[in-house]
Each structure stands twice: as C-alpha cells, then as structure tokens.
**Q** 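For reference, the structure I am asking about is given below.
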Amino acid sequence: MKLVSTLGWSASVVINGAKILNPDKNVVVYGYVNSLEEKRVKVALEEVKKALGEVVEVHIENPMDFYECTIKVEKHLDDDAVANITGGTKIMAFSLALKAAVLDLPVIYVVTRDNKTFIKYLPIRLSGGSNFFRMNDCDSTSARLLKVLINKYGGTGSMKELLHDLNAKYSTLSDAKNKLVRANLITEMKVGREKILMVNKSAYLFMGGCV
Amino acid sequence: MCLRFFLSLLTVYTYPDEIRIRLNKEEAEKFWEGFKYARDFSKGFVFSDYSVEEMKNILSSLTKEEREIYQRILYLHNQSPRNIEFVKVDLTDYKKSYNFMRRFFEDKIGGIIKKSENVGFTLNISCGHKVGALALYISLMEVAHSKQFYKYMGMRGKPELIIDVYHAERGIEKFPIMHFKSEEKTGLEEYLKYIENTPTLEEFRKNTGDERGKVIMYLKKHGYVVLEGNKLYLTKRGETMIKLLERLKLH
C-alpha cells in the first residue's frame, strides 16, 4: 500500500494516518502561499519525516492552483495508492480526492476525538451511466476530443479542426462537446463564425489516463 | 429569469493560540470573496457547524477584532434583500453532512424545477471543513446528475439547471461539474479474502455461494481481481483493499 497524504500545518493527521494504515510507502503532498505558512508546513514536514522515516515529498508551488495540484498528485496514484485528504489546502485535498475518485482508488480522512484517532472512509466515486461522458473509456468521443485538444492544440482548438482530426459526425462531436462544457471541463467561445474550444484547468483531472 | 442560490460553508476557529485570529480573518475574507463573486442571487444558505446563536456565544469569548469580522457576516442572516439563512450541520462528519445536503438539494431543485423555473447554484467551497465542503460538493453533483435533473443542465429554454462551483481565496478557482457520487462500500469487498489463495472460479463460487457471479462481476469491475484460465488472482488494487479493510476494522 502507498499512502498519499496532503499535509498542512498539522503533522499528526499524516503521522496518525500512516501509523494506523502502515503503508509500505508514504507520499506527502505539501505547499504554502506565504513565508509564515512555509515555516509551519516545513516544521510539520520535518515532524512527519522524523516519525515515518523515508517519505516521498511532492512540493506544490501554488497550492491554490487546481491544475498543478492535479498534475502532481496524479503521478503517485497507482493501483496500490490510498489517498488521505485530511491536511493541506482545500484545493490540494479536493484535487487528490477527485483524482482518486476518477481512478476508483480509496479515499480516507483522519478524525481525532477524545484523544483517539479514527480513519474514516470517504465513499466517493465517478458515476457510470451512458448519459455522462466516459473519460476512462479511451474510445469515447469525449476522451478523444479532450486528448486531441490538449495534446495537439495545447488546450485551444476550433470545432472545425477537431471534426477533421477525430473523423466524427458533427452531431456526435457536438454532443461530446456539450457534455464537456456542462462539466466545466472546456469552455466554448465564438470567434467570428468559428467555434473555439478551450480546456479548463479542471479537465486535467483526466490527464494520465486516456488523455 | 433564474432563481439563483448562493451557497457557502462557514466555521469559526476556537484554538487557544494567536494563530486563531489569523485563521478566522482568512475564513471571513474567503467568505466575502465568494459572496462578491456570486453577485446577484435570490437566496443564500450558509452551512456551519454552529447555529447563529452558538456562533454569537463563541464570538463573545474571542477578541473584539474577531467579533467584528463575523458580525458583518452574521448580519446577513435573514436580512433582505439577500435573505441568507444559516443552517447548522456537522461539517466534520462526511456522512452526516452529505445526507443532510443531499436531501436539501433534492427538495430545493425539485421544488423549483417543477414550477418550470430556471434554477442556479453558486457554490463557494473555500470556507469550513474539508470534509463538509466535499460533502456539499458531492451531494450537489449527485443530485444534479440524477436521472431526474440532469436533463435540465445545459438546456436551452426553461427550466434550466445552472451550477457554478469555485474556491475563493486570492482569486477564483473553478471546479468541475461532474458526475461524482457518494457510494458506500457494498460489503462485497469482504469477499476478496477468499481469493488470497488463488482459487478456481468454481471453488470461489462454492465457498461464497456466489452462484450468479454477482460478487465476481463487482470485484472485476473495480479491478480487484482478474480471471486467468479458470483461476482468480488478486490484483495490486485487490491486495491494497484487503489491507485497508483490515486496518479500518481495527480502528
């Protein structure tokens, strides 16, 4: 088991989580927005390292940036990962929780009550269902659209170009596009008569899979 | 015309040390940043660990600066024209928060859409506890993506369901509006222990009574086991889940 934990000021939520779950490996995700926070987080990180021994450190330059958080945690979410989202900023915790949910990995949080520590399981998942885009299905039009938009066009492309690249019917592409817009993964703009699609930060939740 | 709701969480920190003042100042700043971003809305709901009276009692023992910061927010309670209501819910417990908020959204969305009105939710998740914020987010996503209401998202004409989720702190960071859901463990993961000794499919069925294959289908779907030849093997995911379940049981 690999325990991937977000860390803020409190070392105990990471230490206690690790002591209970006894993983083979600990990954600690941390970040700070100013020098005061930096001091406190670094103290917490040292406490974690002292208590748990060797840990993999993942430093988030901007813990308020959903994109950076998602991209950096994604690298550590293998099949044996468990996500502990108790510490750190909300954005760090959310990006870890949602990415883990997309990958169908377990998510936990640590609660301390009356000097006792409990691990609680967070039952979050991504729904199945044909109405929604299937981002984990690499053949789905939504996944292919996002992949081409990010990898070929760097995040911004026209519907005309995408239609050509994906070799899909306009109605199919339009349906996939609408699902992605509704999910706030892409934004649609009109430039003259052209429809332009732009990737939003939240789309990077799907990087590393089909995208 | 759209009936728009502003939603936020709010807590007040009660740590004994000086860092508390900074945390409470930041909490209030995040609330106001989220409030200003929401702009025009018909009604607001603020989910908090404390009722308005409880919050006032807590504030009476804090510094004058903290009292003033929160008084400006509490003043919004039931004041026209914004009409913000403070709702008490245990934001430190995911299950309690989620159950409460799920019912809340079903009632609100259902009640309005039935009258063929457009309805919008502007949700600020930057305040309050993480698990409470996650519960609020997941419950809204679940209700919005239900069979009953998903058809209204992105709909041209009435009624339309519009959702905006963001984190407000030194700028607005938007979140995906996706089909996440809350799904308690089915208990079928417990059957993973029968696969530790690599049984054949027949042996597994005999030991577990899974004649219809429902358990195996579930375990395969979530990537916990693979069938090779006629033998069942645990995957890395499966081994991790067994270990996690053991640890959760002990604690």
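Lettering follows sequence order; numbering is per chain, from 1.
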**Q** In terms of heavy-atom pairs under 4.5 Å with chain A, which of L134(B), I163(B), I162(B) leads?
**A** L134(B)
**Q** Quick check for you: among R40(A), R125(A), K2(A), K120(A), which has the greatest number of heavy-atom pairs under 4.5 Å with chain B?
**A** R125(A)
**Q** Please classify the contact of I85(A) with chain B as side chain, backbone, both or neither, using a heavy-atom distance under 4.5 Å.
**A** both
**Q** So if I take each residue of residues 60-73 of chain A and look for any heavy atom under 4.5 Å from a heavy atom in chain B, which residues do I end up with?
**A** M64(A), D65(A), F66(A), Y67(A)
**Q** Tell me, with the steps shown, if D104(A) and R237(B) meet side chain to side chain contact (heavy atoms under 4.5 Å, CB included).
**A** CA-CA 10 Å; D104(A) 201 13; R237(B) 275 180 185 250; 3.8 Å; yes
**Q** Less than 4.5 Å to any heavy atom of chain B: does that hold for the side chain of V33(A), its backbone, both, or neither?
**A** side chain
**Q** Any chance you could lay out the side-chain hydrogen bond (donor to acceptor under 3.5 Å, both in side chains) test for N200(A) and T187(A), step after step, and finish with the verdict?
**A** CA-CA 7 Å; N200(A) 295 336; T187(A) 304; 2.7 Å; yes
**Q** Which answer fits K201(A), side chain, backbone, both or neither, if we ask what part of it has an atom under 4.5 Å from a heavy atom of chain B?
**A**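 For K201(A), side-chain heavy atoms alone lie under 4.5 Å from chain B.
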**Q** With sequence neighbours excluded, tell me which residues meet side-chain hydrogen bond (donor to acceptor under 3.5 Å, both in side chains) with K42(A).
**A**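 Testing K42(A) for side-chain hydrogen bond (donor to acceptor under 3.5 Å, both in side chains), a comparison that skips the adjacent residues, returns E38(A).
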**Q** Using a cut-off of under 4.5 Å on heavy-atom pairs, state which of K95(B), E239(B), H129(B), R170(B) scores highest against chain A.
**A** R170(B)
**Q** Shorter than 4.5 Å, heavy atoms on both sides: which option in E184(B), E169(B), R22(B), E142(B) has the most such pairs with chain A?
**A**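 It is R22(B).
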**Q** I'd like to verify something: which residue of I108(A), D78(A), L105(A) has the highest number of heavy-atom pairs under 4.5 Å with chain B?
**A** L105(A)
**Q** Judged by modelled atom types alone, do S142(A) and S140(A) share a side-chain donor-acceptor pair under 3.5 Å?
**A**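 Note: S142(A) and S140(A) side chains miss the donor-acceptor criterion.
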**Q** Would you mind checking which part of N178(A) comes under 4.5 Å of any heavy atom in chain B, side chain (CB onward), backbone (N, CA, C, O), both or neither?
**A** neither
**Q** Run the salt bridge (charged side-chain N to carboxylate O under 4.0 Å, His left out) test against D164(B) and tell me which residues pass, sequence neighbours left out.
**A**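 Here the qualifying residues are K174(B).
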**Q** In terms of relative ring orientation, are F47(B) and F45(B) parallel, tilted or perpendicular, with 30° and 60° separating the classes?
**A**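 The rings of F47(B) and F45(B) lie parallel, inter-plane angle below 30°.
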**Q** Taking the six-membered ring for Trp, are F5(B) and F121(B) parallel (under 30°), tilted (30 to 60°) or perpendicular (over 60°)?
**A** parallel
**Q** Top residue by heavy-atom pair count (under 4.5 Å) with chain A, among T235(B), I125(B), T92(B)?
**A**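 Sorted descending by pairs with chain A, the first entry is I125(B).
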**Q** Between T86(A) and chain B, which part of the residue has a heavy atom less than 4.5 Å away: side chain, backbone, both or neither?
**A**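 Backbone only.
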**Q** When you look at Y37(B) and F6(B), which way does the side chain to side chain contact (heavy atoms under 4.5 Å, CB included) test go after all the steps?
**A** CA-CA 10 Å; Y37(B) 175 77; F6(B) 166 65; over 6 Å; no
**Q** Is the H167(B) ring parallel, tilted or perpendicular to the F175(B) ring (thresholds 30°, 60°)?
**A** tilted
**Q** Mind checking what makes salt bridge (charged side-chain N to carboxylate O under 4.0 Å, His left out) contact with R4(B), not counting sequence neighbours?
**A**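 Salt bridge (charged side-chain N to carboxylate O under 4.0 Å, His left out) check on R4(B) returns nothing, list empty.
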**Q** Quick one: which of D24(A), V82(A), L122(A) has the most heavy-atom pairs under 4.5 Å with chain B, could you say?
**A** L122(A)
**Q** For chain A, find which of P176(B), G223(B), A133(B) contributes the most heavy-atom pairs closer than 4.5 angstrom.
**A**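 Heavy-atom pair counts peak at P176(B).
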**Q** Between Y191(B) and Y218(B), does the ring centre distance come in under 6.0 Å?
**A**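 No: the rings miss the under 6.0 Å criterion.
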